[in-house]
Amino acid sequence: MEKIAWVTDSTAFLDDVLTNHPDVYSIPMVVYFEEDEYLDGVTLSLEDFYTKLETSQVPPKTSQPSVGAFVELYNKLSESYDRIISVHLSSHLSGTVSSSKQAGEMVDIPVHTVDSRVISFPLSAMLKRGVEMREAGTSYEEILAHLEELAKKCEIYVLIGSLEQLHRSGRMTGVQKLLGSLLQIKPIIKIEDGRLEVSEKVRTEKKALSKITDYLKEASAHSSIRELFVLHGTNVDQAEALVKELRETYPAIPINAFPLSTAIAVHAGVNTIGISWFNE
């Protein structure tokens, strides 16, 4: 059986299973604090990022891995593997998918780049699903088809922790930010076909979280949900409280909290919280 290498990017949170898997690799995003350049997860930990974010006068920026960085990794993997499946964050939010595809045309090993259309741990979950299928003997063609279907079935709803940070990062217009600040509006952001969209605007954080759980309730009535992901920034206690609440409501569904990656926190802010699942 062909030996497959799995590649993702550092916007995915790699749990212990993925971190310790010998065939899983992550390519770092680039994070800029003023003139300083860091490799996400390599020369800049999530803890260090939040420390710098509190003291920096200039908002940080991110950049996708270069084509050259992908080529270097893929060439190295070609020495030990027969094929590469590279799963990355939504192409509407980053040029990472494009960089991977370009690099795939420049190396001798077959590279299959998958646009996950998602971010954070849902991306990791897709990667885990592919790894599990391969270990069960599934062909790479079937795996790719399944991952493409999963990309269409993920729902992500996020309550942005900082409208100011979202605005400074270029993801929200000045008018939208001003209205949100003046009216104390809490926009619920959803990932729709890989794009950031405003799902609804509510006045308080409590109402926003209630609305997000309403989305989940509606989805669970019509779909099979295998797992729930609570996504968070530095607000760990709030995330754990939400996990506890959801476990009481959905005792049959595994529910865990996962931190947002550095590259996502750059845009969303430190107190971001959200829920995600796959409708299957």
Side-chain angles (χ1 to χ4, degrees), residues 7-14 18 25-73 86-103 113-124 126-127 156 158-174 176-177 189-191 194-197 231-235 258-274 276:
V7 176
T8 190
D9 55 74
S10 62
T11 63
F13 173 77
L14 301 188
L18 293 175
Y25 302 84
S26 178
I27 191 164
M29 305 292 279
V30 182
V31 181
Y32 299 94
F33 273 98
E34 299 185 39
E35 301 301 319
D36 297 325
E37 177 182 315
Y38 301 91
L39 294 180
D40 182 19
V42 179
T43 58
L44 181 69
S45 69
L46 187 57
E47 293 76 14
D48 289 341
F49 165 76
Y50 284 127
T51 299
K52 290 181 179 295
L53 187 63
E54 291 179 357
T55 58
S56 177
Q57 299 300 310
V58 179
K61 298 180 180 180
T62 60
S63 177
Q64 73 261 23
S66 67
V67 175
F70 272 108
V71 168
E72 181 179 359
L73 175 60
S86 208
V87 189
H88 298 286
L89 83 159
S90 172
S91 61
H92 294 295
L93 303 177
S94 169
T96 306
V97 165
S98 177
S99 291
S100 174
K101 287 182 176 179
Q102 292 179 62
T113 300
V114 178
D115 181 356
S116 72
R117 304 188 191 181
V118 298
I119 57 172
S120 195
F121 196 78
L123 167 55
S124 310
M126 288 180 64
L127 185 68
I156 303 177
V158 177
L159 179 59
I160 297 298
S162 171
L163 293 181
E164 177 66 29
Q165 186 65 24
L166 191 66
H167 168 60
R168 292 170 76 189
S169 70
R171 301 289 178 174
M172 174 179 278
T173 68
Q176 288 174 320
K177 193 268 293 190
I189 306 296
K190 66 177 178 178
I191 306 293
R195 295 178 172 86
L196 291 179
E197 304 285 351
L231 313 175
H232 64 87
T234 56
N235 48 339
F258 302 97
L260 294 166
S261 68
T262 298
I264 301 301
V266 163
H267 305 293
V270 298
N271 291 317
T272 296
I273 192 164
S276 180

(Q) Tell me whether E72 at atom CD has more than 12 heavy atoms from other residues, nucleotides or ligands lying less than 6.0 Å away. (A) no
Q) Taking the side chain from T8 and the backbone from V87, do they hold a donor-acceptor pair closer than 3.5 Å? A) yes
Q.
Quick check against the 3.5 Å criterion: does D40 have a side-chain atom that pairs as donor or acceptor with the backbone of T11?
A. no
Q: Walk me through it: do K52 and L44 pass the test side chain to side chain contact (heavy atoms under 4.5 Å, CB included)?
A: CA-CA 10 Å; K52 290 181 179 295; L44 181 69; 4.0 Å; yes
Q. Is the backbone of E34 close enough, under 3.5 Å, to the side chain of D36 for a donor and an acceptor to pair up by distance?
A. no
Q. Looking at T113 and H88, what are the two nearest heavy atoms and their distance?
A. CG2-CD2, 4.3 Å
Q.
Going by the rule ring-ring contact (aromatic ring centres under 6.0 Å, His included), which residues pair with F33 if we only count those two or more places apart in sequence or in a different chain?
A. F49
(Q) Is it the case that the side chain of S90 and the backbone of G194 share a donor-acceptor pair, with hydrogens and angles ignored and the cut-off at 3.5 Å? (A) yes
**Q.** Contact check, side chains of L89 and D9, non-hydrogen atoms, under 4.5 Å
**A.** yes
Q) With no hydrogens and no angle check, do the side chains of T51 and E47 hold a donor and an acceptor under 3.5 Å apart? A) no
Q) Between S63 and Y32, what is the shortest heavy-atom contact and its length? A) CB-CE1, 3.7 Å
Q: Would you check if K190 and V158 make a side-chain contact, meaning some heavy-atom pair closer than 4.5 Å?
A: no
Q: Can you see which heavy atom on S10 is nearest to which on S26, and at what distance?
A: N-OG, 3.6 Å
Q) How many angstroms lie between atom CG of L93 and atom CD1 of I191, to the nearest 0.5 angstrom? A) 5.5 Å
Q) Which heavy-atom pair separates M29 from Q64 by the least distance, and what is that distance? A) CE-CA, 3.9 Å
(Q) Looking at every heavy atom in both N271 and T234, which two are closest together, and how far apart are they? (A) OD1-OG1, 3.8 Å
Q) Measuring from F13:CZ to L46:CG, what's the distance to the nearest 0.5 Å? A) 9.0 Å
Q: Go through the side-chain N and O atoms of D48 and S45 and say whether any donor and acceptor fall under 3.5 Å apart.
A: yes
Q. Is the shortest heavy-atom distance from the side chain of L39 to the side chain of V30 under 4.5 Å?
A. yes
Q: Given ring-ring contact (aromatic ring centres under 6.0 Å, His included), test F121 with H232 step by step and report yes or no.
A: CA-CA 10 Å; F121 196 78; H232 64 87; over 10 Å; no
Q) Just checking, any donor-acceptor pair under 3.5 angstrom between side chains of S91 and D115? A) yes
(Q) If you define the side chain from C-beta out and look only at heavy atoms, does anything of I119 sit under 4.5 Å from I156? (A) yes
Q: May I ask you to decide if V97's main-chain N or O and S100's side chain share a donor-acceptor pair within less than 3.5 Å?
A: no
Q: Give a yes or no answer on whether the side chain of S99 reaches the backbone of P65 with a donor-acceptor pair at less than 3.5 Å.
A: yes
Q. Are any side-chain N or O atoms of S120 and backbone N or O atoms of L260, one a donor and one an acceptor, separated by less than 3.5 Å?
A. no
Q.
How long is the straight-line distance from CZ of F258 back to OG of S276, given to the nearest 0.5 Å?
A. 10.5 Å
Q.
Can you tell me how far apart NZ (K101) and OG1 (T96) are? Round to the nearest 0.5 Å.
A. 12.0 Å
**Q.** Considering all heavy atoms, the nearest L127-V7 contact
**A.** CD1-O, 4.5 Å
